[in-house]
Amino acid sequence: MAEKQHLYLVDGSAYIFRAYHRLPPLTNPEGTPVGAVYGYSTMLWKLADDLDKADGPTHLAVVLDKSSHSFRNDLYPDYKAHRPDPPEDLVPQFPLIRDATRAFSLPMIEEPDVEADDMIASYAIAATKKGWDVTIVSSDKDLMQLIGQCADEDLEPGVETGGCIDMLDTMKDARIGREEVEEKFGVPPELLGDVLALMGDSVDNIPGIYGVGPKTASKLINDNGSLAAALDAAPDMKKSKLKERLLEGRESAELSRVLVELKKDCGLPIALEDMKLDGIAPEPLAEFLELHGFNSLLKRLEAGSGSPGRTTNLEGRNRADTEGAAASPGGNVQPLPDMPDVDRSAYETVQTMERLQEWIARAQAAHRVAVDTETSDLDCMVCDLVGISLALGPNDACYIPLAHLNEDGGGSDMFANPPQQVGKAQALAALKPLLESDAVLKIGQNIKYDINVLARNGIDIAPIDDTMVMSFDLDAGRSLDGIGGGHGMDELAERHLGHTCLKYKDVCGTGKKAIPFGEVPLGKATEYAAEDADVTWRLHMHLARRMPMEGAARIYQRVDRPLIPVVAAMERHGIKVDRAELSRLSETFAEEIGRLEKEIHAEAGQEFTIGSPKQLGEVLFDTLGYKGGKKGKSGQHSTDQSVLERLDKEGAPIATKVLEYRQLSKLKSTYTDALQAAINENTGRVHTSYSLVGAQTGRLSSTDPNLQNIPIRTEIGRQIRKAFVPDEGNVLLAADYSQIELRLAAHMADVETLKEAFASGEDIHSRTAKEMYGEVTRDSRAAAKTINFAILYGISRWGLAGRLGVEADEAQDMIDTYFQRFPGIQKYIVRTLETVREKGYSETLFGRKTWFPRISAKNPNERAGSERAAINAPIQGTSADIIKRAMARMNPALDDAGLGHVRMLLQVHDELVFELPKGDVEAASPVIERVMAEAALPAVELDVPLGIEIGHGPSWDDAH
DNA sequence: TAACTCACG
DNA sequence: GACGTACGTGAGTTAA
């Protein structure tokens, strides 16, 4: 028979209030108050340490209050209405409590619209029906109603005896059972609810009956047997103050009875089994303890003897969580073995078809496999596939070389002695059914790369999970001081697994001596490649179980994961550029640059490197004696655009020429030269690479080359856009969201005036000007436009003053006027900052989180920067979510309309670029427009319409 | 590698 | 009263 299971449910929210009042006001090295966090951490430590004791926990979860609203507010609007705000130096500790819980690798339950008490009751009851004992870690009197309850009916199948519930007050180190409740309240736990209803509670604003305290209440209940009986008996009581109060307060008592009743049938977001306490990962815990200066605990951890929990296994759970990731395609939840340290010698080099078939069969049976491809080049559009690695569990990984050249590595005679390997075509044919099987989840780190490599080899890998994107959706913006906040595999392995991966350069060398992966000896290649798959598999376990608990599952499942193959396809399509046109432009620019160079040198009276800000500064401010303004970090005078424009106005002819020179050199080197070099020799097109984790707000970013910053603002720059063209017979079509961020600001800040303006199709900057100045002129509209954008970016009077060329006082007046006309905006800003300070992150309308660890930094400069970013992130991020949703739906919508050949090529934050046959523009435009306009639905219903502008033509420029 | 500058939304 | 001159990116150039 199985050991008795014992679930501990920690009432986290209640605990920190008590810890706060009992502990000295400690602060961490950064100055953040952490007294309550320290108390909380020691408590968790102690609980985990009791693991092996009789009556100690086998399972444990922390339950926190997520929102202040629950069914009780619906019954009684004044419920908890008069609660004072928490003390100022407790507020920043709330998010740290969550950090602490994570650092201890403990599951955390926070459900909206449900109070922690109800969640605890529901879990406690459910566990007893499984035959588990339950200890509630709390001292809350409402929860004492549960004490001593044992399940005796509705037991789960196979359970013979139900479990029982008790309570543990860790501060007094006291177990509270039936007797203790009777001693304290004079009634058994079953009748406690009746007593509490009579007593009322001033903190929660439960009315009870005026003048009835604990003593009277328990006497009444004991005398009558129940609340109802006590109330019924009141009319027959002899005349007294109490009788009057009972008669008058009957309704109030009945309401109170309902309010103190615990809800025991809440939905359970995490399975009880997943609360198993198998061990605590030491690395994140050490990180956390160190960060906050909890040195005594850190020492105990390092000493090892005091290490909490039974083992130091890095992965505590023994059960795969499938909710956060793709549903396990087979529906099976695979039990996990313990997670041993990475052992590279355990990996297999697969060199025969027999062994390959064995791995494929095992992967089919496991329903999930981590996959990594090794290639000859970092560019997935030019590289050759050299090998594939698979992992099915910790240290259960292999490398399948497909195109390795020489067993001994490198050398001039590399074809002389190729290693034994399964032929590429044969191996890929064998792997294809696995990689394309709906029943097997393929896990990758940046799997978009592997999708593209394999697609070029005829394999459409699906379904997929991506640990890099999962990490981003959990931890965007987070950085644990000095540890970094990136989502690369090496960094994730260090952070989550405490493991240092082999570096690519250790295997292939660096610089001139670097060899392609296909020339790495198989032994070394296997260690490196199989480790990548192994680590990816482990990371997936770790991240997937965090997703549902930390609210990242929704954005991942609904937005980012579906986008991965879509973006991969866009990258593979690429876009055609007119090489001859770019080359012609390069030449023109070169001539002009040469001419300007001579003129500038003449003006300066000397030859110098114009492209060097240092030399240019010396010429302008020393030789020519112009007045320098701002200086940079290195103490140099700035020579940027704004400085040169000022000099130009002050009548410095050299400044104008330098500006022109700069513009042309920029266009030539960054665009006309670089784009020619970026043309893929095989496809004749340019293939950018989009990063899904590049921008903290959730935007995509584009690299190699960056196609999200192609010039458009100046006439000369637009010539470059003209070089982006469709294939023969096709056109390019561009569809933009019009003013999407302002529209979202109007919705999110609930600004009636702006919403109306958008609804009626009014020019939004004109409307702003009208509101602020009473009339719309060229100047007032321009100023209004500047302010509108300033708002989105988190305004400061100095910033606005600089932009508008006015004094800071005047800018402040304008800001005041703006906030006065649009009070919703100011409220939005205040509210956003409050939430970020409290929770540590901002959220988009679709639930994407961005963390702001520096929001409470001491350095005012740093803090202000963080605040501006925090104001902007929900707006920029929501806009990013919307266009991503549109992108994910676009191809199916086009397919449905019989337009499967329309190709989405580019995304530029609020714009999508398509290529399609000229004759299909009429049919495709409305489909594209509809998908984009409705992209927020059904998850979010916006108060403003999303305006779309569509154009098409023989070049990207003409499409606008 | 850092600093500066500038292209985009 | 000082602080600093808007949010988010990527890339090319110079110079240490």
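Any value given below was found using the heavy atoms of this structure, including those in side chains, with hydrogens, waters and symmetry copies removed. Numbered from 1 within each chain, the chains take letters A, B, ... in sequence-line order.
- Between dC3(C) and dC8(B), the two C1' atoms lie 30 Å apart (nearest whole Å).
- Counting heavy atoms from C-beta on, the side chains of T703(A) and T688(A) never come closer than 4.5 Å.
- As a whole-Å value, the separation of N706(A) CG from dC6(B) P is 17 Å.
- Nearest nucleotide to the I795(A) side chain, out of dT13(C), dA6(C), dA7(B): dA6(C).
- Using a 4.0 Å heavy-atom distance criterion, I712(A) is classed as a sugar-phosphate-only contact.
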### Query
Does the pair R854(A) and E862(A) meet the rule for a salt bridge (charged side-chain N to carboxylate O under 4.0 Å, His left out), with working shown?
CA-CA 7 Å; R854(A) 309 305 298 162; E862(A) 211 179 343; 2.7 Å; yes
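- Annotation: side chain of H637(A) is not in contact with side chain of L620(A) (no heavy-atom distance under 4.5 Å).
- A salt bridge links E741(A) with R699(A); the closest basic N to acidic carboxylate O contact falls under 4.0 Å.
- Between S701(A) and dG10(C) there is a side-chain polar atom (N or O) within less than 4.0 angstrom of OP1 or OP2.
- Residue S702(A) is classed as a sugar-phosphate contact, given heavy-atom separations below 4.0 Å to backbone atoms only.
- Using a 4.5 Å heavy-atom threshold, the side chains of T878(A) and V940(A) count as separate.
- At the heavy-atom level, D704(A) lies under 4.0 Å from the strands shown only through sugar-phosphate atoms.
- Across all strands shown, Q636(A) has no heavy atoms under 4.0 Å from either base or sugar-phosphate atoms.
- Taking atom NE2 on H637(A) and atom P on dT5(B), their separation rounds to 12 Å, with Å as the unit.
- Rounding to whole angstrom units, NE2 of residue H909(A) and P of dA7(B) are separated by 16 Å.
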### Message
Could you go through D816(A) and Q812(A), starting from their C-alpha distance and side-chain angles, then the distance that decides it, and tell me whether this counts as side-chain hydrogen bond (donor to acceptor under 3.5 Å, both in side chains)?
### Response
CA-CA 6 Å; D816(A) 292 343; Q812(A) 184 62 57; 3.0 Å; yes
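- Close to dA15(C), at under 4.0 Å from its OP1 or OP2, lies a side-chain N or O of Q615(A).
- Contact check on E591(A) versus R595(A) returns no salt bridge, with no Lys/Arg side-chain nitrogen under 4.0 Å from an Asp/Glu carboxylate oxygen.
- The interatomic distance linking D910(A) (CG) with dG9(B) (C1') rounds to 6 Å, in whole Å.
- Whole-Å rounding puts the K666(A) NZ to dT14(C) C1' distance at 14 Å.
- Distances shown here put a side-chain N or O of S612(A) below 4.0 Å from the OP1 or OP2 atom of dA15(C).
- Here K884(A) pairs with D560(A) in a salt bridge; the nearest charged N to carboxylate O distance falls below 4.0 Å.
- A straight line from CZ of R868(A) to P of dC3(C) spans 16 Å, rounded to a whole angstrom.
- Within 4.0 Å of Q696(A), counting heavy atoms only, lie sugar-phosphate atoms of the nucleic acid but no base atom.
- Taking atom NZ of K614(A) as the reference point, atom C1' of dA2(B) lies 14 Å away to the nearest angstrom.
- L792(A) comes within contact range of no nucleotide atom at all, as no heavy-atom separation falls under 4.0 Å.
- Counting any heavy atom pair closer than 4.0 Å across all strands shown, S796(A) reaches no nucleic acid atom.
- Toward the 5' end of DNA chain C, the nearer of the two residues G799(A) and A869(A), judged by each one's closest nucleotide, is G799(A).
- Nucleic acid contact class of S665(A) (heavy atoms, under 4.0 Å, all strands): none.
- Listed nucleotides dG8(C), dG10(C), dA6(C) differ in distance to Y793(A); the shortest reach to its side chain belongs to dA6(C).
- Rounded to an integer number of Å, the gap from CG of D640(A) to C1' of dT14(C) is 16 Å.
- Counting any heavy atom pair closer than 4.0 Å across all strands shown, P860(A) reaches a base atom.
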### Which nucleotides of DNA chain C pair, in dot-bracket form (Watson-Crick or G-U under 3.5 Å, | meaning another strand)
......|||||||||.
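- Ring pair F789(A)/H765(A) is tilted by interplanar angle, where 30° to 60° counts as tilted.
- Phosphate contact (OP1/OP2 of dT5(B), side-chain N/O of T639(A), threshold under 4.0 Å): present.
- Residue contacts shown for N709(A) include a base, since a base heavy atom lies under 4.0 Å away.
- Using a cut-off of 4.0 Å between Lys/Arg side-chain N and Asp/Glu carboxylate O, E650(A) and K627(A) are scored as not salt-bridged.
- The base of dG9(B) is paired with the side chain of R713(A) by a donor and an acceptor separated by under 3.5 Å.
- At a threshold of 4.0 angstrom between heavy atoms, the contacts of R699(A) include nucleobase atoms, whether or not backbone atoms are also involved.
- Of all nucleotides listed (dG12(C), dC7(C), dG10(C)), dG12(C) comes nearest to the side chain of A674(A).
- Evaluation of atom-type donor-acceptor distances gives a pair under 3.5 Å for the side chain of R803(A) against the base of dA6(C).
- Within the 4.0 angstrom heavy-atom criterion, only backbone atoms of the sugar-phosphate kind lie near Q641(A); the bases stay farther away.
- One finds a side-chain N or O of S638(A) lying less than 4.0 angstrom from the OP1 or OP2 phosphate oxygen of dT5(B).
- Using a 4.0 Å heavy-atom distance criterion, S642(A) is classed as making no nucleic acid contact.
- dT5(C) and dC4(B): their P atoms are spaced 12 Å apart (whole Å).
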